[in-house]
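None of the values given here were measured: they were computed from a predicted structure. In the text below, chain A, chain B and the rest are named by the order of the sequence lines, each starting its count at 1.
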There are 2 protein chains.
Amino acid sequence: MYSNQQKEIALFAKVFGHPARVAILQQLFKMDTCYCGDLSEEIGLAQPTISQHLKELKNLGLIKGTVEGVKVCYCIDNENWSKMKVLLHKFLDQDIPKADCC
Amino acid sequence: MYSNQQKEIALFAKVFGHPARVAILQQLFKMDTCYCGDLSEEIGLAQPTISQHLKELKNLGLIKGTVEGVKVCYCIDNENWSKMKVLLHKFLDQDIPKADCC
DNA sequence: AAAATATATCGTAATATTGCAATGAAACAA
DNA sequence: TTGTTTCATTGCAATATTACGATATATTTT
């Protein structure tokens, strides 16, 4: 029904479609350390909720987590983030400057 | 709880988070004429469903529709599309090339 | 005026998402 | 070993989304 490209764009966009996940990603970009527990405090959602959002981001490959003792260090997966950017830029930049048709 | 910027990013991303709306937008970019009814046939969803998706896109200002007799001509709102692009690019491009932290 | 066409809206069923308390699991500390 | 800390998972209630048939509305045609 939809092309693979359309489905991929929608999948990535959907994961950005919740402010909690936007906040998580911005925090991961901002911080050098990126322990999961800090996100819960910083953002103000319960730990299971954060964990659930992290899981979705991880499933799409946008972040990765490394166990460090009792803690888990999360961070952006730069390679996959770049791939996602190419896809979304292609979608966002498909407009050619011209007058609106109506 | 979230910044206005975070909420705005999420709102725009959410509307791209469904393949039907991605398909509609791609079609609007591709076609010169952009009558609503054609979208239903082209994409393969019932007319009320397309109409509903168009409404969401219109509510965010990304498209606009002009009544032309019995038909309605939809098209991208280039000005708002550009504004949205600035916002999303800022979000997508916040990464600085560096090694993953973990 | 009546019929036809194109779109919007309503109502509703099916499904998905969100948030969190409770609990489980794994690593560390005492 | 026992307790503590950190994170993941489960279960569930509340809410949102999606799709579409039925219907309403508006315009054009006959």
Distance check needed: [N] [atom2] versus [X] [atom1], whole Å only.
| X | N | atom1 | atom2 | result |
| --- | --- | --- | --- | --- |
| A:Gln47 | C:dA26 | CD | C1' | 14 Å |
| A:Ile24 | C:dT18 | CD1 | P | 11 Å |
| B:Arg21 | D:dA16 | CZ | C1' | 12 Å |
| A:Lys71 | D:dA8 | NZ | C1' | 17 Å |
| B:Ile50 | C:dA6 | CD1 | P | 15 Å |
| B:Met1 | C:dC20 | CE | P | 7 Å |
| A:Glu41 | D:dT5 | CD | P | 13 Å |
| B:Leu57 | D:dT17 | CG | C1' | 14 Å |

Between B:Phe91 and A:Phe16, is the ring centroid distance below 6.0 Å?
yes
Check whether the ring centres of A:Trp81 and A:Phe29 lie less than 6.0 Å apart, and answer yes or no.
yes
Closest nucleotide among [options] to the [X] side chain:
| X | options | answer |
| --- | --- | --- |
| A:Tyr35 | D:dC7, C:dA27, C:dG19 | D:dC7 |
| B:Ser51 | D:dC20, C:dT7, D:dC7 | C:dT7 |
| A:Val70 | D:dC7, D:dT5, C:dT5 | D:dT5 |
| B:Pro48 | C:dA6, D:dC20, C:dC20 | D:dC20 |
| A:Cys36 | D:dA8, D:dT18, C:dA6 | D:dA8 |
| B:Thr49 | D:dA19, C:dT7, D:dC7 | D:dA19 |

Residue closer to the 5' end of DNA chain C, A:Ala46 versus B:Lys58 (nearest nucleotide)
B:Lys58
Same cluster (ILVMFWY, side-chain, under 4.5 Å), A:Leu60 and A:Val86:
no
Is B:Lys7 positioned over the aromatic face of B:Tyr2, cation under 6.0 angstrom from the ring centre and no more than 45 degrees off axis?
no
Would a 4.5 Å heavy-atom cut-off, applied to side chains only, mark [X] and [Y] as touching?
| X | Y | result |
| --- | --- | --- |
| A:Gln5 | A:Lys90 | yes |
| B:Glu8 | A:Val22 | no |
| B:Arg21 | B:His18 | yes |

What is the nucleic acid contact for B:Leu45, judged by heavy atoms within less than 4.0 Å: base, sugar-phosphate only, or nothing?
sugar-phosphate
Once you apply a heavy-atom cut-off of 4.0 Å, does B:Glu56 come out as touching a base, just sugar-phosphate, or nothing?
sugar-phosphate
Please tell me if A:Tyr74 has a side-chain N or O lying less than 4.0 Å from either OP1 or OP2 of D:dA8.
yes
For C:dT17, does either OP1 or OP2 sit under 4.0 Å from a side-chain N or O belonging to A:His53?
no
Does any donor-acceptor pair link the side chain of B:Gln52 with the base of C:dA8 at a separation under 3.5 Å?
no
Neighbours of DNA chain C within residues 3-20 of chain A, by heavy-atom distance under 4.0 Å
A:Lys14, A:His18
Starting from the C-alpha separation in whole Å, work towards a yes-or-no answer on side chain to side chain contact (heavy atoms under 4.5 Å, CB included) for B:Met84 and A:Leu92.
CA-CA 9 Å; B:Met84 174 277 297; A:Leu92 295 174; 3.8 Å; yes
